[in-house]
Amino acid sequence: MEDDIEMQNEVTAGTSENNNATNEAADDSQGENDWVRIESNDGFSYIVRRKVAQTSGTMNNMLDPHGGYAEARTKICTIDERQANPGVRREGRELIDAIHRGIVTEKIVEYMCFKSHYQTVGPKEDIPVQEMQERIPPEIVLEVLLAADYQEM
């Protein structure tokens, strides 16, 4: 899982039409090795492999180059918890909600890495689901559940 959250140092650019066609074909075959930035609306940012981000149905659609979304071009997906949790705003809870938005995004990214890592595990291997469940503090479980539902995970 750690390999899925490292920084990318390689940049390729084509100058002629043939090189562009070759690069597009390479992008299609190496799409899993692309890097995507996932940002929360309060400034936290995570860089993950495209295959990790695509474990979310919503992000998969956003990153589809044929879908016409700006995220496919910029490779930046924003998780806006206000969209996922429209009823969370209550008087006197602004500070608590601001803290939770960053941690909710972090837990969503952790789960996407977990899901991507264990997606190809055989049926005889043990998946440590309990370990993943223990990583989520009880006070934000509902918010993580709502955000995961919004992200189609």
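- In terms of modelled atom types and a separation under 3.5 Å, the side chain of Thr74 and the main chain of Ala70 share a donor-acceptor contact.
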Inset, instruction - Kindly determine whether Ile38 and Met59 satisfy side-chain contact (heavy atoms from CB on, under 4.5 Å), including the steps that lead there. - result: CA-CA 10 Å; Ile38 299 174; Met59 285 190 202; 3.9 Å; yes

Legend entry - Test side-chain contact (heavy atoms from CB on, under 4.5 Å) applied to Met112 and Val48, step by step: CA-CA 9 Å; Met112 286 191 296; Val48 297; 5.6 Å; no

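- For the residue pair Trp35 and Lys75, the shortest heavy atom distance occurs at O-CD, 3.6 Å.
- Here Ser45 pairs with Arg37, Glu39 under the side chain to side chain contact (heavy atoms under 4.5 Å, CB included) rule; sequence neighbours left out.
- Applying the side-chain hydrogen bond (donor to acceptor under 3.5 Å, both in side chains) criterion to Ser40, with sequence neighbours excluded, gives Asp42.
- Among residues two or more places apart in sequence or in another chain, the side chain to side chain contact (heavy atoms under 4.5 Å, CB included) test is passed with Pro128 by Phe114, Tyr118, Glu131.
- Applying the side chain to side chain contact (heavy atoms under 4.5 Å, CB included) criterion to Gln130, with sequence neighbours excluded, gives Gln133, Glu134.
- To the nearest 0.5 Å, atom CG of residue Asp149 and atom OG1 of residue Thr58 are 9.0 Å apart.
- Scored by the side-chain hydrogen bond (donor to acceptor under 3.5 Å, both in side chains) test, Asn60 finds Gln54 as partners (sequence neighbours excluded).
- In this structure, Arg49 and Asp34 have side chains that are not in contact, with every pair of non-hydrogen atoms separated by 4.5 Å or more.
- Taking NZ of Lys51 as the reference point, atom SG of Cys113 lies at 10.0 Å (rounded to 0.5 Å).
- The CG atom of Asn61 sits 11.0 Å away from atom CD of Glu71, with the distance rounded to the nearest 0.5 Å.
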Inset, instruction - Take Val36 and Ile76 through the test side-chain contact (heavy atoms from CB on, under 4.5 Å) and record every step on the way to the result. - result: CA-CA 6 Å; Val36 176; Ile76 299 173; over 6 Å; no

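- Interatomic distance, Glu106 CD to Ile136 CD1, rounded to the nearest 0.5 Å: 11.0 Å.
- In this structure, the side chain of Lys107 does not engage the main chain of Val144 through any donor-acceptor pair within 3.5 Å.
- Legend: residues meeting side-chain hydrogen bond (donor to acceptor under 3.5 Å, both in side chains) with Gln151, ordered by chain and number and at least two apart, are Ser56.
- Taking both residues in full, the closest heavy atoms of Met62 and Tyr69 are given as O-CB, 3.4 Å, listed atom of the first, atom of the second, then distance.
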Legend entry - Check against side-chain contact (heavy atoms from CB on, under 4.5 Å), Met132 and Tyr111: CA-CA 8 Å; Met132 184 65 209; Tyr111 178 73; 3.8 Å; yes

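- When Ile79, Val52, Ile108, Val109 are each tested for a side-chain contact (heavy atoms from CB on, under 4.5 Å) with Tyr46, only one passes: Val109.
- Rounding to the nearest 0.5 Å gives a distance of 10.0 Å between CG of Leu145 and CE of Met153.
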